[in-house]
Amino acid sequence: MDKIMIVTGGSRGIGAATCLMAAKHGYAVAVNYRGNREAAEGVVSAIEADGGTAIAVQADMAVESEVVQLFETVDDRLGRVTALVNNAGIVDQPSQVADMSADRIARMMSVNVVGPFVCAREAVRRMSNERGGAGGAIVNVSSAASHAGGGGGAGTYVDYGASKGAIDTLTEGLAQETAGQGIRVNAVRPGVVDTEIHASGGLPDKPEQAKAAIPLGRVGQPEDIAEAILYLTEAQFTTGAFLDVDGGV
Ligand code: NAP
């Protein structure tokens, strides 16, 4: 069977590293992005230069019709998806809950929770052996923030942490729901990883500052997380599992 992977937010950071590594494992890869077309095309070019197959597909995780279109585009151009990596995610500026607007919280939940739910729905419809599919794997990218109450200490990202808590529950519940349908669902919970997400959340120095508290003495690189994602994608006896990849924190 052809191996076909959709990576949401595959244009940069952890998603981009996952796309590159998946291609080396023989996957045809759909590199999803929201706005940075150039970065997504760069990932596609790198995969093609290495002899692999990839396409870049724009879709905003917060817009259901665009997520549906993403899956339909993959059906048409690559074939039926066999692996979904729910990776796209955002943070916002540091803020106490007391100062958060409902719009901010709703946006966080739309991108980080509703998007992965709708992606999972579209994937299950195609993978489930109760619906004519041939099975598959879903890996959700959660965060250490899901069980730390937030993403950067008190007064920073409780909304983000809560969105990742929801991803953990999705992982557990969907794993139970689809185990009999040939689908495995697992999650990776990264600690601090050196990507642009920290600058986008107003804390560009976070990786440098976090280092001292990490037992392995460094922050994660995107490839450290990609490795765990690929493991969970392929591990045939593993479902409903959470892999903490955080340098020992
Ligand atoms: P990043 O470097 O900021 O990259 C984010 C990626 O997500 C980009 O490809 C971006 O696309 C895409 N994206 C953002 N909003 C989107 C939307 N609405 N629809 C579709 N795509 C969207 O982030 P990262 O650090 O690699 O994080 C990836 C995942 O790991 C996230 O779920 C994050 O919560 C999680 N995580 C990260 C860390 C960390 O320390 N870095 C730790 C724990 C968990 P464009 O290029 O088009 O903007």
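When a ligand or atom number is given, it counts from 1 through the structure's own listing order.
Using a 4.0 Å cut-off between heavy atoms, Pro190 contacts ligand 1 through both its backbone and its side chain. Residue contacts with ligand 1 for Asn32 involve side-chain atoms from C-beta outward but no N, CA, C or O (heavy atoms, distance under 4.0 Å). Looking at Thr8 against ligand 1, nothing comes within 4.0 Å, counting heavy atoms. The proximity of Pro207 to ligand 1, defined as any non-hydrogen pair under 4.0 Å, does not occur for either the backbone or the side chain.
Here the heavy atom of the protein found nearest to atom 9 (O) of ligand 1 is Ser11 OG, 2.6 Å.
Residue-to-ligand polar distances keep Tyr33 apart from ligand 1: every N/O pair is separated by 3.5 Å or more.
The closest side-chain donor-acceptor pair between Ser11 and Asn36, if any, does not fall under 3.5 angstrom.
From Ser142, atom OG reaches atom NE2 of His147 across 7.0 Å, with rounding to the nearest 0.5 Å.
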Show which side-chain atoms of residues 225-235 pair as donor or acceptor with protein atoms under 3.5 Å away, not counting sequence neighbours.
unit_1 : atom_1 : unit_2 : atom_2 : d
Thr233 : OG1    : Ile229 : O      : 2.7
Glu234 : OE2    : Lys3   : NZ     : 3.1
Glu234 : OE2    : Tyr27  : OH     : 2.7

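Looking only at distances, no side-chain donor or acceptor of Asn86 sits under 3.5 Å from a matching main-chain atom of Thr8. A donor-acceptor pair under 3.5 Å links the side-chain atoms of Tyr157 to the main chain of Gly201, judged by distance alone.
The shell of residues lying under 4.0 angstrom from ligand 1, judged by heavy atoms, includes His198.
Annotation: salt bridge (Lys or Arg N to Asp or Glu O under 4.0 Å) contacts involving residues 161-178, sequence neighbours excluded, comprise Asp168-Arg189.
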